[in-house]
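Reading through the structure tokens given below for one structure.
Not measured: the values here are computed from a predicted model. Positions are given from 1, in the same order as the sequence printed here.
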Amino acid sequence: MIPAVELKNLKKEFVVLKRKGLWREKSTVVAVDDVTFSVGKGDSVAFIGPNGAGKSTTIKMLTGILHPTAGSASVLGFCPWKERSQLARQIGAVFGQRSQLWYHLPPKDTFELLARIYNLDLRDFTKRRDMLIERFALSAFLSTPVRKLSLGQRMRAEVAASLLHKPEALFLDEPTIGLDVVARQELRDLIREWNRDEGLTVFLTSHDAGDIEHVAKRVIVINHGRVVIDNQVSVMKRSFLGTKIIHIKFHEEPSLTSLEEMHGVSVAHASAYILKLEVDTEKTAIEKTIHAVLAAGPVADITIEDPPLEKVISHIYAQGLQTTNLDQGRGISEI
């Protein structure tokens with residue numbers, strides 16, 4: 001089976017001119033440096049890294065906007081920069097800070113325009129449009145000019161517009177930027193639903209750990225133009241942070257003495273009846289901590305969860321990874 005996305009030794013360099021007095025000096029900046037990976041059809045992948053890591057440059061090459069300096073790439077069997085017109089009919093793209101909706105027109109008019117651009121059959125388009133309107137809850141503002149929509153409403157319409165022509169892959173570049181908590185979660189749920197139910201391949205870049213945790217199953221971390229981590233989201237969290245967060249609610253005020261003396265256990269928050277612990281499971285087993293919690297006082301409720309992904313990513317960068325490639329649990333080649 002042909003992968004949905006495949007990169008082989010992809011590289012992109014930019015020539016930068018700097019003025020020095022009367023002269024201009026050329027220098028070369030490597031934005032993407034020998035990147036190789038593939039994404040299967042129907043997968044959901046988060047492509048993350050700090051600012052300037054090469055994320056947007058990679059997406060621009062995968063969508064045919066930029067030509068690489070070296071290497072090759074294939075998206076749904078097409079070479080993006082050589083077969084951009086054919087590829088455009090097979091993919092959707094949403095850029096959080098750039099809109100494909102006409103600013104002064106309502107979303108329904110943009111939908112009609114896109115149907116003509118993609119030369120969609122009228123009957124198929126109408127059926128698809130009506131289904132997207134229902135699934136994305138667009139009917140309340142379908143006739144409202146885009147300039148009057150909230151950011152959350154606009155982004156729902158953006159994603160719906162990108163799916164009108166039944167793409168096989170969806171590229172999302174910071175789709176939840178600027179959204180409030182509720183709108184962000186609604187958009188994540190919709191993207192995840194399409195990935196699960198329609199088999200849509202999702203390739204996502206984001207600085208929001210919640211996007212990665214709720215949308216993606218696999219994460220690729222890029223830094224200085226090179227892939228440093230490639231693994232499942234859950235495996236990456238376990239590999240880089242062996243910490244668990246325990247939230248406890250007591251019926252009465254607990255005694256914290258024994259908990260505070262435990263090696264690898266720290267009290268992140270404590271009030272009269274509520275306690276939050278951070279447990280380093282490499283130093284203290286979670287079972288031992290729970291026994292100590294139960295001995296501290298009568299427990300009304302207790303939850304155990306993984307740390308936020310922001311901490312995992314910060315931990316990775318703090319390690320100073322340069323050319324690490326952790327691939328599906330095979331191990332870390334270099335730290």
Side-chain angles (χ1 to χ4, degrees), residues 44 46 48-50 176 179-189 191-193 196 204 206-219 221 223 228-321 324 326 328-332 335:
S44 54
I48 65 173
T176 62
L179 298 185
D180 60 44
V181 174
V182 175
R184 196 180 302 140
Q185 188 57 49
E186 287 177 348
L187 189 56
R188 290 169 184 161
D189 291 342
I191 295 168
R192 184 172 55 189
E193 179 185 336
R196 181 186 66 239
L204 164 76
S206 179
H207 282 95
D208 191 320
D211 292 348
I212 299 158
E213 286 184 297
H214 290 92
V215 175
K217 297 175 184 176
R218 173 183 167 196
V219 61
V221 183
N223 200 7
V228 294
I229 295 291
D230 182 354
N231 213 321
Q232 301 299 312
V233 173
S234 57
V235 173
M236 189 183 77
K237 290 170 71 173
R238 290 197 303 269
S239 299
F240 287 93
L241 276 184
T243 303
K244 292 290 184 181
I245 310 296
I246 305 179
H247 298 269
I248 312 105
K249 184 177 181 181
F250 293 91
H251 285 297
E252 57 187 54
E253 192 167 351
S255 172
L256 304 182
T257 306
S258 60
L259 288 168
E260 290 173 337
E261 293 175 352
M262 293 183 69
H263 187 53
V265 177
S266 60
V267 178
H269 171 77
S271 61
Y273 301 103
I274 297 174
L275 184 64
K276 178 183 176 182
L277 301 176
E278 293 187 3
V279 182
D280 186 341
T281 55
E282 292 185 359
K283 297 178 180 178
T284 300
I286 201 74
E287 295 85 356
K288 185 177 179 181
T289 308
I290 296 299
H291 282 302
V293 167
L294 295 173
V299 173
D301 188 31
I302 185 167
T303 59
I304 303 172
E305 59 187 39
D306 291 317
L309 195 59
E310 293 101 325
K311 288 192 174 183
V312 180
I313 295 170
S314 297
H315 185 73
I316 292 169
Y317 294 153
Q319 296 250 345
L321 298 172
T324 301
L326 178 61
Q328 303 302 325
R330 284 203 295 261
I332 302 173
I335 295 185

Would you check if [X] and [Y] make a side-chain contact, meaning some heavy-atom pair closer than 4.5 Å?
{"X": "Lys217", "Y": "Val233", "value": "no"}
{"X": "Asn223", "Y": "Pro50", "value": "yes"}
{"X": "His214", "Y": "Ile191", "value": "no"}
{"X": "Asp189", "Y": "Glu193", "value": "no"}

Approximate separation, where rounding is to 0.5 Å, of [X] [atom1] and [Y] [atom2]:
{"X": "Ser271", "Y": "Lys276", "atom1": "OG", "atom2": "NZ", "answer": "12.0 Å"}
{"X": "Thr284", "Y": "Met262", "atom1": "OG1", "atom2": "CE", "answer": "5.0 Å"}
{"X": "Tyr273", "Y": "Lys249", "atom1": "OH", "atom2": "NZ", "answer": "11.0 Å"}
{"X": "Glu186", "Y": "Thr176", "atom1": "CD", "atom2": "OG1", "answer": "13.0 Å"}
{"X": "Leu204", "Y": "Arg188", "atom1": "CG", "atom2": "CZ", "answer": "10.0 Å"}
{"X": "Ile302", "Y": "His247", "atom1": "CD1", "atom2": "NE2", "answer": "10.5 Å"}

Run the side-chain contact (heavy atoms from CB on, under 4.5 Å) check on Ile245 and Glu278 step by step: do they pass?
CA-CA 5 Å; Ile245 310 296; Glu278 293 187 3; 3.5 Å; yes
Restricting to non-hydrogen atoms, name the atom on [X] and the atom on [Y] that form the minimum distance, rounded to 0.1 Å.
{"X": "Pro254", "Y": "Ala272", "value": "CD-O, 3.4 Å"}
{"X": "Phe250", "Y": "Val293", "value": "CE2-O, 3.7 Å"}
{"X": "Ser206", "Y": "Ile48", "value": "O-CG2, 3.6 Å"}
{"X": "Ala270", "Y": "Leu275", "value": "CB-CD1, 3.8 Å"}
{"X": "Glu252", "Y": "Pro298", "value": "CG-CG, 3.4 Å"}
{"X": "Leu259", "Y": "Ala292", "value": "CD2-CB, 3.6 Å"}

Using the side chain to side chain contact (heavy atoms under 4.5 Å, CB included) definition, which of the options Ile304, Ile248, Leu256 pairs with Leu277?
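Result for side chain to side chain contact (heavy atoms under 4.5 Å, CB included) with Leu277: Ile248.
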Might you confirm whether atom CD of Glu282 has over 12 heavy atoms from other residues, nucleotides or ligands at distances under 6.0 Å?
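Counting other residues, nucleotides and ligands, CD of Glu282 stays at 12 neighbours or fewer.
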Candidate pair Asp230 and Arg218, rule salt bridge (charged side-chain N to carboxylate O under 4.0 Å, His left out), full reasoning
CA-CA 7 Å; Asp230 182 354; Arg218 173 183 167 196; 2.9 Å; yes
Walk me through whether Arg184 and Asp211 qualify under side-chain contact (heavy atoms from CB on, under 4.5 Å).
CA-CA 8 Å; Arg184 196 180 302 140; Asp211 292 348; 4.0 Å; yes
